[in-house]
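Note that ligands are numbered from 1 as they come in the structure, with each ligand's atoms numbered from 1 the same way. Please read these numbers as outputs of a predicted model, since none were measured by experiment.
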Amino acid sequence: MADYDYDIGIIGGGAAGLTVASGAAQLGAKTLLIEKEEALGGDCLHFGCVPSKTLIKTAHVYHLMKSGPEFGLPAISPPAVDFRDIAARIKSVIGVIQKHDSVARFCQLGAKVEFGNPEFIDEHAVSLGGKSISARSWVIATGSSSALPAIAGIENTPYMTNRDIFSLDKLPASMIVLGAGPIAMEMAQSFCRLGSRVTVIQRSGQILSKEDLDMAEIVKAELEKEGVDFRMNASIVRVGDLGNEREVIIKNTTGDAETVKAESILVALGRTANVAGLGLEKIDISFDHRGIKVNNYLRTSHKHIYAAGDVIGGYQFTHVAGYEGGVVLSNAIFHLPKKTNYTYIPWCTYTHPELASIGMNEKNAQQAGIDYSVFSEEFSANDRALAEGEGLGRIKLLLDKKEKPLGIQILGPHAGDLLSEWVAIMNGGVGLSKIASAIHPYPTLGEINKRVVGSVFSPKIFSNTVRKGLKFFFSFKGRACICGEDLDCKEVSNP
Ligand SMILES: Cc1cc2nc3c(=O)[nH]c(=O)nc-3n(C[C@H](O)[C@H](O)[C@H](O)COP(=O)(O)OP(=O)(O)OC[C@H]3O[C@@H](n4cnc5c(N)ncnc54)[C@H](O)[C@@H]3O)c2cc1C
């Protein structure tokens with residue numbers, strides 16, 4: 001057998017790469033991890049999940065400070081924010097989490113970390129800083145970057161992406177957000193709450209286009225109520241730099257043009273795979289702008305070269321990158337063939353209210369031609385939500401013909417956390433009757449999970465058939481009171 005420097009080499013120190021590196025090293029494989037930035041952690045830690053969720057919290061607190069009267073408190077007008085303080089808080093949260101992803105920690109686990117830009121020189125070796133390093137297996141986990149579609153004028157117009165937005169030294173007075181996906185919506189709401197005048201430009205007629213329209217419309221209405229301005233069905237004609245301001249010229253579906261101006265432009269128009277400079281062409285690894293092509297085992301066109309995480313396109317989430325890292329470990333280290341299974345991928349958009357989902361929504365079920373029924377419950381009927389001033393939103397449970405759950409969407413407070421019960425139900429194949437009879441603590445937001453299941457069983461339990469049966473067996477006397485439509489209620493006397 002050929003002698004390689006390492007058993008496994010991993011390119012990219014984000015969620016996918018770190019999962020493989022820590023697992024492989026702990027399992028005794030001689031492991032090399034190569035990262036091009038100065039620190040490990042990837043986009044999620046430095047320019048993605050962590051900074052965005054930290055910013056969202058800061059914006060939420062500021063929003064609450066201005067919402068006193070809704071909670072029976074005096075109205076106050078807090079002073080304007082200094083974004084340098086917000087950026088410092090973001091940096092400090094990243095700093096704490098960074099310790100889990102330090103070079104020393106990975107060395108303790110047994111993995112060697114190198115920094116630089118590796119390039120494949122053959123199927124088993126990369127060049128890095130002038131030296132050649134070989135490994136029996138390789139994993140490409142280089143993630144993704146903000147996509148920049150061809151927009152006229154963009155090359156001469158300053159714009160921001162997720163790499164810039166968390167370290168600004170000043171809150172933009174106004175901001176145009178290009179796109180209306182999860183990142184765009186989270187940032188639009190946060191910057192609006194912090195005091196920027198925000199305009200969102202979206203090509204289609206729906207924000208969060210993967211979600212059901214009814215749920216996405218509630219999010220949009222809430223953002224509009226808070227002050228975000230939307231231009232829907234708008235195609236971008238060109239962008240330009242006016243010195244102190246930038247302009248975006250858009251056209252609507254009837255061809256009318258409009259110019260929108262703002263201090264800053266945030267580009268959030270999707271993601272593109274980080275494949276440049278890796279030398280993939282030289283070793284015949286197939287890829288396009290969406291990502292590296294892999295099979296169900298996450299193998300590329302070379303059996304011993306795997307790819308995982310955002311770089312393969314698909315579900316671009318940290319938890320999916322981690323999951324795929326686990327699949328690679330199984331295939332490359334344990335040599336136990338494991339295929340990917342994306343049936344129950346949960347996700348959440350952290351707007352306020354949050355929108356979380358697992359399994360199929362109505363859009364997916366319709367596309368797949370599956371017969372389904374929908375059961376829903378509103379947060380306005382959840383006591384805890386009302387106590388917390390969080391009555392906006394609903395849960396939707398989709399069932400197939402046999403009343404097995406196809407999917408769940410939750411729009412409401414802490415929806416991402418509330419979804420966890422459904423992660424267990426769906427993955428564990430738990431019957432709905434178990435949830436209906438399980439005791440949930442009162443008053444909690446989680447009761448909405450039990451209530452929506454209750455709404456599946458209630459019409460059956462409280463049916464005429466059951467009533468008649470009970471009457472027959474136990475001689476029940478029936479109604480004691482009856483109300484008309486005008487709520488004119490009368491006692492019913494015994495027949
Ligand atoms: C603003 C924002 C918010 C997000 N919020 C969430 C969220 O709330 N929840 C969620 O699940 N997901 C979220 N995501 C998505 C999440 O960040 C990604 O899905 C996740 O980081 C993917 O992990 P990865 O390991 O594939 O890639 P990454 O984490 O990007 O890691 C790839 C690593 O490879 C390195 N690299 C790139 N090219 C090379 C090279 N040539 N050589 C060596 N190293 C290289 C990069 O520097 C990086 O460290 C968010 C993303 C953004 C942008």
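Considering backbone and side-chain atoms alike, Ala15 places an N or O below 3.5 Å from some N or O of ligand 1. Considering both main-chain and side-chain atoms, Asp43 comes within under 3.5 Å of ligand 1 through a nitrogen or oxygen pair. Remark: ligand 1 and Glu186 share no N or O pair separated by less than 3.5 Å (distance only, no angle test). At least one N/O-N/O distance between Phe317 and ligand 1 falls below 3.5 Å.
Those atoms of ligand 1 with a heavy atom of Cys44 less than 4.0 angstrom away are 17 (O), 21 (O), 29 (O). The distance from ligand 1 to the heavy atoms of Gln316 drops below 4.0 Å at these ligand atoms: 15 (C), 19 (O). Residue-ligand proximity, Phe47 to ligand 1, at heavy-atom distances under 4.0 Å covers atoms 1 (C), 53 (C).
The closest approach between a heavy atom of Arg271 and any atom of ligand 1 is below 4.0 Å. Distances from ligand 1 to the non-hydrogen atoms of Glu324 include no value under 4.0 Å.
If you check which protein heavy atom lies closest to atom 16 (C) of ligand 1, you get Thr318 OG1, 3.4 Å. When only non-hydrogen protein atoms are considered, atom 43 (C) of ligand 1 lies nearest to Lys36 N, 3.4 Å. Of all protein heavy atoms, the one closest to atom 22 (C) of ligand 1 is Asp310 OD1, 3.3 Å. Considering only non-hydrogen protein atoms, atom 41 (N) of ligand 1 sits nearest to Leu278 CD2, 3.5 Å. The protein heavy-atom contact nearest to atom 46 (C) of ligand 1 is Glu35 OE2, 3.4 Å. In terms of protein heavy atoms, atom 9 (N) of ligand 1 is closest to Cys49 SG, 3.9 Å. Shortest contact from atom 3 (C) of ligand 1 to any protein heavy atom: Gly48 C, 3.4 Å. For atom 37 (C) of ligand 1, the nearest protein heavy atom (residue, atom name, distance) is Thr142 O, 3.2 Å.
Taking the six-membered ring where tryptophan is involved, the planes of His124 and His304 are essentially parallel, since the angle between them stays under 30° and well short of 60°.
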Criterion ring-ring contact (aromatic ring centres under 6.0 Å, His included) on Phe47 and Phe166, from CA distance to verdict: CA-CA 7 Å; Phe47 311 107; Phe166 305 113; 8.1 Å; no

Chi angles and distances behind the ring-ring contact (aromatic ring centres under 6.0 Å, His included) call for Phe83, Phe191: CA-CA 10 Å; Phe83 205 88; Phe191 276 86; 5.6 Å; yes

Stepwise side chain to side chain contact (heavy atoms under 4.5 Å, CB included) check, Phe120 with Ile140: CA-CA 11 Å; Phe120 280 99; Ile140 305 168; 4.0 Å; yes

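Checking each of Arg163, Gln98, Glu37 against His46 for a side-chain hydrogen bond (donor to acceptor under 3.5 Å, both in side chains) leaves exactly one that passes, namely Gln98.
Closest heavy-atom approach to atom 32 (C) of ligand 1 among the candidates Gly12, Gly42, Ala276, Ala141: Ala141.
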